[in-house]
There are 2 protein chains.
Amino acid sequence: MKCIFCNNTETKVVDSRESEDLTRRRRECLICQKRFTTYERAEDPQVYIIKKDNRRELYNRGKLKGGILKACEKRPISLEKIDIGINKIESKLRTLENNEIQSKLLGEEVAKMLKQLDKVAYIRFASVYREFEDIGDFKKEIQILSKRRG
Amino acid sequence: MKCIFCNNTETKVVDSRESEDLTRRRRECLICQKRFTTYERAEDPQVYIIKKDNRRELYNRGKLKGGILKACEKRPISLEKIDIGINKIESKLRTLENNEIQSKLLGEEVAKMLKQLDKVAYIRFASVYREFEDIGDFKKEIQILSKRRG
DNA sequence: AAATAAGACACAATATATTGTGTTTACTCT
DNA sequence: AGAGTAAACACAATATATTGTGTCTTATTT
């Protein structure tokens, strides 16, 4: 693993910790001795996302996570819970027979997941991917949520 | 590392290959015996990208790479070259003093990098991030390129 | 300001990954 | 169709990573 500071190719592991779905390693360059962090994780599901305009784009965890994090900004949701949620979604993606999914359907999956975690994040996310047309849509959605759990 | 198929937590490495900036491992689940691939790579530079509307968003390699790959579609550019290019950009990002950069500047860096790799990809990329206003902009850019190298 | 959570660091005992070599398969560009 | 590239698979000899335990620091949230 190349050192991110001096580009030397030899580094050693000084610590490694494994969690649910990833392994974090702390590495040290054998030359400059600076340290940096690496992550090992399963490769993304090889699935095409079919956009509204029918363009196909490879699924990208980072991109999906970015959108989710935006919806979760300042909300009391741990990164771990979000990662576990994304893992569940990816499990579903891996079972798709034709290796493709409409972005709308993927959005619904994310929304479903967020609904379990945090209502505010859910609403924020839904407002973007469903393209709520006006504030009325928010109100409707909020009412639905309010009825269900106080 | 959790098995992506059966969720079992014990897996073993059956092969591992290291290249420039990442390590690919082939793992096998100790329970279901299915195999899957993992990648280890350095963590993304912790840098905020400042968008046109002044919103800040954490840098995300996957997202950046997605845009670059789109510009490189069907062009004779190896994934390796692209990764090396992104690595160079990330090196610069890691040296930023305030840990933030205007998305426009990041775009310029990418454009500069693509220009070295492939003129067509360069033009495609530039046309998106610079928001070329009409076909005239393309022509201008193409002329600049033509003069330089036949 | 206090509490909590996450990451960084150290160390020691043990288990597991790495790497060369070579073959096969799948895919993409010409 | 052919060339070229990347990934998957196997095996054997060797080197390196893992994991518990505990401490310290930094950032975040109330």
Side-chain angles (χ1 to χ4, degrees), chain A residues 1-5 8-48 56 58 65 69 72-84 94 99 117-118 120-121, chain B residues 1-5 8-31 33-48 56 58 65 69-70 72-84 94 98-100 117-118 120-121:
Chain A
M1 178 72 56
K2 216 166 90 174
C3 170
I4 62 172
F5 300 105
N8 174 252
T9 52
E10 305 278 306
T11 57
K12 69 172 178 183
V13 174
V14 291
D15 196 14
S16 73
R17 300 293 144 173
E18 187 165 341
S19 63
E20 275 280 299
D21 60 321
L22 50 72
T23 297
R24 191 182 82 241
R25 293 184 179 83
R26 194 78 182 139
R27 290 182 171 270
E28 183 176 304
C29 175
L30 298 189
I31 302 295
C32 74
Q33 312 213 32
K34 283 191 190 144
R35 293 180 169 194
F36 60 99
T37 303
T38 66
Y39 292 95
E40 179 186 351
R41 59 161 42 268
E43 104 184 313
D44 284 1
Q46 301 298 302
V47 167
Y48 281 99
R56 300 157 85 239
L58 260 187
K65 191 169 173 178
L69 286 177
C72 293
E73 222 166 357
K74 308 272 179 195
R75 297 299 306 162
I77 314 172
S78 70
L79 283 177
E80 204 194 339
K81 290 229 163 135
I82 292 172
D83 274 317
I84 292 173
R94 288 187 228 269
N99 288 4
L117 289 187
D118 185 273
V120 173
Chain B
M1 178 72 57
K2 217 166 89 174
C3 169
I4 62 172
F5 300 106
N8 175 251
T9 52
E10 306 278 304
T11 58
K12 68 172 181 184
V13 175
V14 291
D15 195 14
S16 73
R17 300 294 143 171
E18 186 165 341
S19 62
E20 276 280 300
D21 61 321
L22 51 72
T23 297
R24 190 183 83 239
R25 293 183 179 85
R26 193 78 183 139
R27 290 182 171 269
E28 183 175 303
C29 174
L30 298 190
I31 301 295
Q33 312 213 30
K34 283 190 191 146
R35 293 180 169 194
F36 60 99
T37 303
T38 66
Y39 292 95
E40 178 184 351
R41 59 161 41 267
E43 105 185 311
D44 284 359
Q46 301 297 301
V47 167
Y48 281 99
R56 299 156 87 239
L58 260 186
K65 190 169 173 179
L69 286 177
K70 206 173 284 177
C72 293
E73 221 167 356
K74 309 272 179 195
R75 297 299 306 162
I77 315 170
S78 69
L79 283 178
E80 204 193 340
K81 292 230 162 132
I82 292 172
D83 274 318
I84 291 172
R94 287 187 228 269
N98 45 1
N99 287 6
E100 54 181 46
L117 290 187
D118 185 273
V120 173

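Heavy atoms only: backbone and side chains are in, while hydrogens, waters and symmetry mates are out. Here is the naming used below: chain letters follow the sequence lines, and residue numbers restart at 1 for every chain.
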**Item:** Euclidean distance, atom NZ of residue B:K81 to atom C1' of D:dA6 [Å, nearest integer]
**Value:** 16 Å
**NZ or CZ of B:R24 within 45° of B:Y39 ring axis and under 6.0 Å** = no
**Interatomic spacing from SG in B:C3 to CZ in B:R35 - rounded to 0.5 Å** = 12.5 Å
**Message:** More than 12 heavy atoms of other residues, nucleotides or ligands under 6.0 Å from CZ of B:F36: yes or no?
**Reply:** yes
**Request:** Choose from C:dT19, D:dT18, C:dA17 the nucleotide whose nearest atom is closest to any side-chain atom of B:D15.
**Result:** C:dT19
**Under-4.0 Å side-chain N/O to phosphate OP1/OP2 contact, B:S16 with C:dT18** = yes
**Prompt:** Rounded to the Å, how far apart are B:I82 CD1 and D:dA6 C1'?
**Reply:** 14 Å
**Prompt:** Is it true that B:D15 and B:R17 make a salt bridge, defined as a side-chain N closer than 4.0 Å to a carboxylate O?
**Reply:** yes
**Message:** Side chain of B:R26, heavy atoms from C-beta onward: which of D:dA8, C:dA17, D:dT18 has the nearest atom to it?
**Reply:** D:dA8
**Fill in**
Between A:T38 and A:R27 the two heavy atoms that sit nearest each other are CG2-CD, 3.7 Å
**Message:** Let's go through B:E28 and B:K34 carefully: what are the C-alpha distance in whole Å and the side-chain angles of both, what is the deciding distance for salt bridge (Lys or Arg N to Asp or Glu O under 4.0 Å) to 0.1 Å, and is it a yes or a no?
**Reply:** CA-CA 6 Å; B:E28 183 175 303; B:K34 283 190 191 146; over 6 Å; no
**Request:** Indicate, with a heavy-atom threshold strictly under 4.0 Å, whether B:R17 touches base, sugar-phosphate, or nothing.
**Result:** base
**Asked** Where along residues 27-47 of chain A does a heavy atom come under 4.0 Å from DNA chain C, residue by residue in number order?
**Response** A:R35, A:T37
**Item:** For atom NZ of B:K12 and atom P of D:dT18, their distance in whole Å
**Value:** 17 Å
**Message:** By nearest atom, which of the nucleotides C:dT21, D:dT18, C:dA17 is closest to the B:R25 side chain?
**Reply:** C:dA17
